[in-house]
Structures are given as C-alpha cells and as structure tokens.
2 protein chains.
Amino acid sequence: MKNNTVTIHDISKALGIDSSTVSRALNNSDRVSKKTKEKIFNKAAELGYQRNSLASKLRTNRTNTIGVIVPRISRHFFSSVIAGIEETAYKAGFDVIICQSLESVDREKKLVETLLSNRVDGILISISMETTNYEHLNNYKKNGYPLIFFDRPCNVSENTNVIIDDFKASFEATEHLIKRGCKHIAHFSGPQNLELYQNRKSGYLKALQKYDIPFSETLVIETQLMQQDGITAAKEILKLPKVDGVFSANDTAAISAIQYLKNQDVKIPEDIAFVGFSNEPISAVIEPSLSTINQPDFEMGKVASSLLFEQIKNKKYASENQTKILTPSLIIRNSSKF
Amino acid sequence: MKNNTVTIHDISKALGIDSSTVSRALNNSDRVSKKTKEKIFNKAAELGYQRNSLASKLRTNRTNTIGVIVPRISRHFFSSVIAGIEETAYKAGFDVIICQSLESVDREKKLVETLLSNRVDGILISISMETTNYEHLNNYKKNGYPLIFFDRPCNVSENTNVIIDDFKASFEATEHLIKRGCKHIAHFSGPQNLELYQNRKSGYLKALQKYDIPFSETLVIETQLMQQDGITAAKEILKLPKVDGVFSANDTAAISAIQYLKNQDVKIPEDIAFVGFSNEPISAVIEPSLSTINQPDFEMGKVASSLLFEQIKNKKYASENQTKILTPSLIIRNSSKF
DNA sequence: TTCAAAAATACAATCGATTGTATTTTTATT
DNA sequence: AATAAAAATACAATCGATTGTATTTTTGAA
C-alpha cells in the first residue's frame with residue numbers, strides 16, 4: 001500500500017529546489033528569497049501539502065504541546081479550568097491534549113505514559129481520588145520535566161501547585177452556617193488522601209472550634225461525594241440527633257442530599273441549612289438554590305498554564321517549588337438564608 | 001543543551017545488541033529469544049527507557065490515535081458521547097485526542113489541521129453551529145480519510161453520519177404537548193444551517209399539522225439556544241397571545257426561559273408547559289423538573305467510534321455513505337404534567 | 001570589470017524507531 | 001561429524017522534516 005501524502009520532497013522534486021530550502025520556505029525563514037518562497041507556497045497549496053508534525057517534532061525535539069489530565073471533563077469546574085488553559089496555550093502557540101483519568105490511578109498512570117511517549121513539553125494534572133502514590137509522576141519531575149499540580153495538590157516532595165484556599169473557604173462556609181444559627185453542623189467529607197479534602201475538613205473544624213461548638217466524629221461523613229453518596233449521607237444525618245446544618249465538600253453530594261431530604265419532608269433551610277462547594281451551574285437553579293463556594297476556575301487554568309509555560313521556556317524554574325494560592329468566595333443562596 | 005532521554009540505541013550500546021533487536025524485543029517479536037528479551041527488558045527498566053511514539057508513528061505511518069472534535073466538552077451530552085468513544089477506543093487500543101471547537105468554524109478548521117498534521121488515523125466530529133461550508137472536511141474525506149459525523153450530520157456529500165432521530169423525537173414531544181391540551185405551542189429553534197435543528201423544527205411542524213393546529217411563523221423563535229437566548233425567547237412568547245406550551249430544541253434555553261417566566265409569576269406547567277431536548281442532568285433537578293428528550297449519548301459514542309475503527313481497518317468502507325440513526329425517548333416530567 | 005561580502009541555495013547528517021534482507025548461530029537430522 | 005533447516009541476530013535503509021555547513025549566485029563598492 002503506497003502512501004500518497006505529500007511531503008517536502010515532492011515539492012522539492014516538482015520544483016527542482018532542494019528540500020532544505022523548501023523546509024525553510026515553509027517555515028518562512030529569511031534564508032529563502034521571496035521569489036522562491038512564492039513558488040514553494042503555490043506548489044504546496046497545489047499539491048495539498050500538509051506538514052507532518054510527527055517528523056517535525058521528532059527532529060526538533062519540541063512538540064509545542066502540553067498535556068492536561070483531569071478526573072472528568074464533564075465536571076464544570078474542570079472544563080472551566082481547561083478553558084483557561086486553552087486560552088493561555090493558544091496565545092503561547094501551544095496545543096493542548098486533554099485527558100480524563102475518571103478518578104482511576106491506573107488510567108492516570110497510562111495517560112502519563114502516553115503523554116510522555118508523545119513527548120509533550122509539560123503536564124498539568126489534577127490527580128485522581130485514588131492517587132496516594134506519586135511515583136509515576138515524581139520520576140519525571142525529577143528529570144526536570146515540567147509538571148504542575150492544580151486544584152488537588154501534591155506536597156510529598158518539591159512540586160509546583162496551583163490551588164485555592166480550601167481551608168479559608170471552608171472556614172467561612174462553616175462560620176456562615178454558625179452565624180446563621182446552626183448549632184449541629186455536619187460535614188460531608190471527601191477522600192482524605194486528597195489534601196484538598198483534608199483542608200476542607202480542617203476549615204470546618206476550625207470554625208466549630210472558634211465558636212466553641214461541640215464536635216463529634218459522627219458529624220463527619222466521608223464518602224466519594226458522588227450523587228449516590230449524597231443520599232447515603234443524608235440518611236446518615238437523619239439518624240443523628242438535631243443536625244441543623246451541613247457543609248458539604250462538594251455541590252454534587254449536597255444537591256442529591258437536598259433532593260432526598262425534601263422528599264422526606266425536611267425543610268431546607270429551615271430544618272437543615274446547606275452550603276456546598278464548587279458552584280456547579282446546577283446549584284444556582286435548584287430549589288432551594290444552593291449556597292456554595294465559587295472557585296476561580298478559569299483563572300486557575302490561566303495561572304497554572306502560565307507557570308507551566310514559564311517552566312518550559314526556562315528550565316531552571318522547573319526545580320523551584322512554588323505554590324500559588326487563589327482565593328475562592330462564598331456565595332450565599334437560599335439553602336442557607338436566614 | 002544535550003537531550004538525555006534514553007533511546008533504543010542506548011540500550012543497544014549498553015548490551016552490545018543491535019538496536020533492531022532491541023526494537024523487536026520491546027515489541028515482543030518472536031524473532032528475539034527469551035534470554036535476550038529478558039536482558040533488554042531489564043536494561044530498559046534500569047535506564048528508564050520510554051518509547052518515543054513520535055519516531056514510531058513516523059516510521060510506521062500509523063498513530064493508533066483518533067481525533068474527536070465537539071463544540072464543548074462541558075456539555076453533558078458531549079462528554080457522555082466522549083465516554084462512549086473512549087471506551088471503544090480503549091478496547092481497540094487507540095488513543096483519543098479530544099478537542100473543542102467552542103462553536104467556532106475557525107477554531108474547528110485549525111483543529112482539523114492540527115489533527116491531520118499529527119496524522120491521527122481518523123476523526124469523529126460534531127460540527128460547530130457556525131459551520132455552513134464543509135470544504136475543510138471534505139478535502140480530506142475525498143482522500144479516503146476516515147471521517148465520521150455524529151449528532152450534527154453533514155449531508156452535503158457522501159458521508160457517514162451517526163445521528164438520532166430528531167424528527168421523530170420532536171414530533172413526539174410536540175404531540176405530547178398537544179395531547180396534554182396545549183393549543184398554542186411555540187418552538188425555540190436553533191441555527192437552521194444545522195440539519196439537526198431543521199429536523200427538530202420539522203417534527204414540531206408535522207405534529208401541529210397532524211392535529212390540525214393552526215400555525216404562525218411568529219411561534220418559532222430562532223436563536224443560538226444559549227442561556228441568554230432562553231430569556232430573550234421567553235420575553236418573546238409573553239408578547240404573543242395565549243402561548244400555552246413550548247417545545248425547545250434544547251434544555252439550556254428551556255431552563256433559563258422557565259426561570260425567567262417563574263419570576264414573572266407565570267405558572268409552569270399550568271400557564272405554559274415546557275418540553276426541552278437533551279436531558280441535561282440539570283433538567284431532572286430544577287423546579288419544575290423539565291420534560292425532555294433523552295438521547296442515547298454513550299451509545300452514540302460507541303457506535304460512531306466502532307464505525308470509525310471499521311473504516312480505519314478496512315479502507316473500502318470509508319467511501320461508503322451510511323447513516324446510523326439512534327432512537328431517543330421522551331421523558332415526561334413536571335414541566336408538562338397534566 | 002573585478003572581487004569581496006552578502007544572499008540564496010544545495011548537501012548531508014540527524015531525530016528514534018521500524019523492518020526487509022543478510023548473516024551468523026543454534027538445532028536437529030542423517 | 002556433516003549439513004540442511006530453523007532460529008537469532010546484525011546490517012542498512014527508511015519515515016519526513018530540520019539544520020549546520022558548504023557551495024553557488026547575486027549584489028555592490030572600488
């Protein structure tokens with residue numbers, strides 16, 4: 001089977017011009033005269049030439065491509081981060097390869113392998129919930145490979161992280177519930193191997209402590225925070241005495257819990273007030289609308305990718321451990337109105 | 001700047017074995033003895049060898065990668081289709097490059113260029129709302145390049161399309177409104193350059209016709225069906241006399257319209273009943289929950305990618321024009337309850 | 001017109017892996 | 001032990017573009 005794609009050599013032969021000159025012309029090098037460039041451009045168009053990026057990348061050892069690994073692209077937060085990344089990348093002339101780990105470490109490992117074997121110039125990653133071991137990432141990081149963690153940080157070694165201030169936001173969310181009058185506040189918590197969920201829990205605890213609210217471990221319900229988990233958690237708190245407020249570490253679980261509780265004739269926020277986390281679009285339109293934490297998602301994408309491009313351009317930064325902390329904000333809606 | 005990545009030649013030198021043998025060993029060819037394979041595997045692991053896919057792809061002229069272009073990954077429908085595609089691709093040993101056109105033709109064109117220059121083995125595309133001209137796609141299709149349209153079909157020439165039966169679903173949705181008692185049904189319509197929106201409108205018209213419901217062009221409000229468009233459309237129908245039902249060509253516009261109308265003290269469904277299209281997750285949880293058309297999204301991804309892999313394996317299929325039609329279903333919820 | 005400098009173009013090696021063919025080594029048969 | 005067949009390995013070209021260096025052509029100043 002003959003391959004009929006057009007190469008610079010076809011152009012070269014057709015015009016009797018060396019392929020090196022053709023290559024330079026197509027890259028608009030000033031080592032080629034205007035006249036020959038013209039000829040080459042025309043012939044290239046005529047033959048339907050299309051550069052083979054694989055060959056180019058192989059030769060130059062530069063792909064102008066970065067990889068992004070997120071748990072799920074369908075999560076609004078992540079697709080917004082990706083939008084921010086793509087905007088920055090576009091300006092910098094980089095392509096972006098988007099991958100989803102689906103919260104599986106195995107998949108994550110394979111994705112990293114694939115990205116690296118395709119020689120992306122750098123990787124932005126928000127690790128999966130299952131990820132507890134960072135070897136698959138740190139090996140490459142050690143080689144000075146540009147790698148940046150966002151949203152879900154990795155602090156086991158020197159890394160660059162772009163995160164939001166989960167502790168502060170969670171503190172504020174909980175404080176808001178307290179000021180509103182809640183006395184028995186439960187917390188829907190996520191996997192504690194993710195620092196992010198540790199921080200959200202800490203913020204919650206800190207607020208209780210500040211206001212001298214008695215705390216019991218039974219108030220913390222740790223799940224994967226999926227839709228089904230919200231229902232399970234809702235059932236849990238109904239068993240507990242007097243829970244009148246819930247700070248959920250994400251919106252998804254809060255929303256399904258609210259739905260369930262409403263069906264059980266629990267009044268939101270009168271009986272139980274809710275604050276979620278993430279500001280999923282759905283939160284604004286459910287009934288009652290969900291108070292939540294808005295994260296600077298788009299900005300996070302821009303910041304993380306800008307840092308990555310800096311590292312790519314200037315390798316020395318790659319070894320520097322820096323953490324950028326972005327500030328989220330509390331949005332008060334009906335689920336926690338007075 | 002020296003490049004310190006490990007190649008098969010490093011392994012070759014370290015062991016005194018020819019690089020061709022190393023390559024064959026790493027590909028588990030049976031032309032290499034077990035003993036040497038062992039040695040090579042060990043050395044590869046020791047040196048931290050990682051295949052350079054670029055070189056491999058260049059040489060073999062096979063990338064085992066397909067490209068997917070969708071308008072937006074954040075749309076639930078598309079991320080579900082992608083999930084279906086990825087599942088099939090994974091089984092077939094293919095990688096998937098996900099791209100979003102953001103409904104811009106220019107971006108779409110660039111994405112196609114990039115995918116082709118990276119020599120993906122085939123492309124799955126759901127065209128942007130702006131796309132009216134298919135040259136950027138048909139040129140490649142003519143070369144026998146495997147290309148499949150899904151959801152938003154392209155019938156200007158011989159193409160393979162995977163679509164849902166928009167006409168039938170829209171007919172049923174409208175019929176449902178009629179049977180429910182609606183007499184003045186408006187239609188939120190999308191860009192008519194997309195066949196999909198033509199079909200949805202046709203189904204709506206057909207239903208009106210079947211039940212002898214008088215029709216006026218003012219009842220059809222054509223927009224981009226974004227959130228803001230829903231509000232605009234809602235204002236429109238308030239100006240019309242007696243509109244008591246709306247069939248919206250997507251959920252997004254329906255939802256924002258409902259929100260707006262509720263604020264204007266219009267009762268849904270008592271005053272105006274609504275049926276949307278797409279079954280976005282949000283539709284199930286808003287108040288009232290939105291009746292809508294559920295699309296077999298995941299299945300669509302599986303079907304489209306299976307077809308593509310067939311075309312890739314067996315080029316002769318590529319020239320065959322076939323259209324697969326999947327059947328959606330009406331979900332009746334509170335926004336159109338009796 | 002001459003000739004050095006500058007501009008334009010050609011030559012050839014290279015990126016890393018693959019693969020058809022050639023050569024060497026091993027195995028098995030007589 | 002001799003030898004053909006089979007197995008294992010080595011050689012060398014190749015995929016398509018890039019790039020350092022060499023060569024040719026053009027330009028312009030003397």
Side-chain angles (χ1 to χ4, degrees), chain A residues 1-41 43-44 47-65 113-114 116-121, chain B residues 1-41 43-44 47-65 113-114 116-121:
Chain A
M1 187 170 56
K2 189 79 141 302
N3 185 16
N4 62 350
T5 38
V6 182
T7 74
I8 52 169
H9 301 101
D10 297 321
I11 300 175
S12 163
K13 266 180 230 155
L15 295 173
I17 295 174
D18 191 78
S19 59
S20 63
T21 302
V22 175
S23 171
R24 288 195 166 94
L26 293 171
N27 286 312
N28 215 13
S29 154
D30 50 10
R31 273 177 63 175
V32 181
S33 70
K34 264 188 195 160
K35 229 202 268 177
T36 17
K37 271 187 194 171
E38 195 90 345
K39 274 197 267 180
I40 291 172
F41 289 152
K43 185 57 82 176
L47 299 178
Y49 171 77
Q50 171 132 56
R51 146 198 266 119
N52 185 327
S53 294
L54 300 171
S56 170
K57 290 171 178 176
L58 173 62
R59 179 59 231 262
T60 59
N61 201 29
R62 216 42 177 37
T63 58
N64 281 302
T65 304
E113 292 294 321
T114 304
L116 291 169
S117 80
N118 281 294
R119 300 293 189 265
V120 293
D121 296 322
Chain B
M1 185 171 58
K2 191 84 140 299
N3 186 15
N4 61 350
T5 38
V6 182
T7 73
I8 54 170
H9 301 101
D10 298 320
I11 299 176
S12 163
K13 267 180 228 154
L15 295 172
I17 295 174
D18 191 79
S19 60
S20 63
T21 303
V22 174
S23 170
R24 289 196 166 94
L26 293 172
N27 286 312
N28 214 12
S29 154
D30 49 10
R31 274 176 64 175
V32 182
S33 70
K34 265 190 193 157
K35 231 201 271 179
T36 10
K37 271 187 194 171
E38 196 91 342
K39 275 197 266 180
I40 291 172
F41 288 151
K43 185 56 81 178
L47 298 179
Y49 170 78
Q50 172 133 55
R51 144 198 267 118
N52 184 326
S53 294
L54 300 171
S56 170
K57 290 172 178 175
L58 173 60
R59 181 58 232 261
T60 60
N61 200 31
R62 217 35 177 43
T63 57
N64 281 301
T65 303
E113 292 294 320
T114 304
L116 290 169
S117 79
N118 281 293
R119 298 294 189 266
V120 293
D121 296 322

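Note on naming: letters A, B, ... go to the chains in the order of the sequence lines (proteins, then strands), and numbering restarts at 1 for each one.
On a pure distance criterion of 3.5 Å, a polar donor-acceptor pair joins the side chain of B/R31 and the base of C/dT21.
If you measure from atom NE2 of B/H9 to atom C1' of D/dC11, you get 12 Å, rounded to the nearest angstrom. Across the protein-nucleic acid pair, B/Q50 atom CD and C/dG16 atom C1' stand 13 Å apart, rounded to whole Å. Rounded to an integer number of Å, the gap from CG of A/L54 to C1' of C/dA17 is 12 Å. Rounding to whole angstrom units, CD1 of residue B/I8 and P of D/dA10 are separated by 13 Å. Computed from coordinates, the A/K57 NZ to D/dC15 C1' distance equals 16 Å when rounded to whole Å. Protein atom CZ of B/R62 is 19 Å distant from nucleotide atom C1' of D/dT14, rounded to whole Å. Distance, A/I11 CD1 to D/dG16 P: 13 Å, rounded to whole Å. As a whole-Å value, the separation of A/N52 CG from C/dC15 P is 18 Å.
Residue A/S33 has no polar side-chain atom (N or O) positioned under 4.0 Å from OP1 or OP2 of C/dA8.
In plain terms, the two heavy atoms of A/D10 and A/T5 that are nearest each other are OD2-O, 3.7 Å. Here the shortest heavy-atom pairing between A/Q50 and B/R119 reads O-NH2, 3.0 Å.
For B/V32, taking side-chain heavy atoms from C-beta onward, the closest of the listed nucleotides C/dG16, D/dT9, C/dT9 is D/dT9. With D/dA8, C/dC11, C/dA8 as the candidates, the nucleotide lying closest to the side chain of A/D18 is C/dC11. Side-chain proximity of A/T60 to the nucleotides D/dT19, C/dA17, D/dA17 is greatest for D/dT19. Considering only side-chain atoms of A/L58, the nucleotide from D/dC11, D/dT9, C/dG16 that sits closest is C/dG16.
Using a 4.0 Å heavy-atom cutoff across all strands shown, B/S20 reaches at least one base atom of the nucleic acid. Using a 4.0 Å heavy-atom criterion, one finds that B/I17 contacts the sugar-phosphate atoms exclusively. Across all strands shown, A/S53 has no heavy atoms under 4.0 Å from either base or sugar-phosphate atoms. Counting any heavy atom pair closer than 4.0 Å across all strands shown, B/S23 reaches a base atom. If you check every strand for non-hydrogen atoms under 4.0 Å, A/L26 touches nothing. Base contact: B/R24 has a heavy atom under 4.0 Å from a base atom.
Defined by atom type and a distance below 3.5 Å, a donor-acceptor pair is present between the side-chain atoms of A/S117 and B/S53.
Listed for the A/N118 side chain is no donor-acceptor partner under 3.5 Å among the backbone atoms of A/V120. The closest donor-acceptor contact from the side chain of B/S19 to the backbone of B/H9 lies at 3.5 Å or more, if one exists at all.
Here the options are A/D30, A/N28, A/T21, the test is side chain to side chain donor-acceptor pair (under 3.5 Å), and the partner is A/K37; only A/N28 passes.
Each of A/K34 and A/S19 was assigned the nucleotide of DNA chain C with the nearest heavy atom; the assignment lying further toward the 5' end belongs to A/K34.
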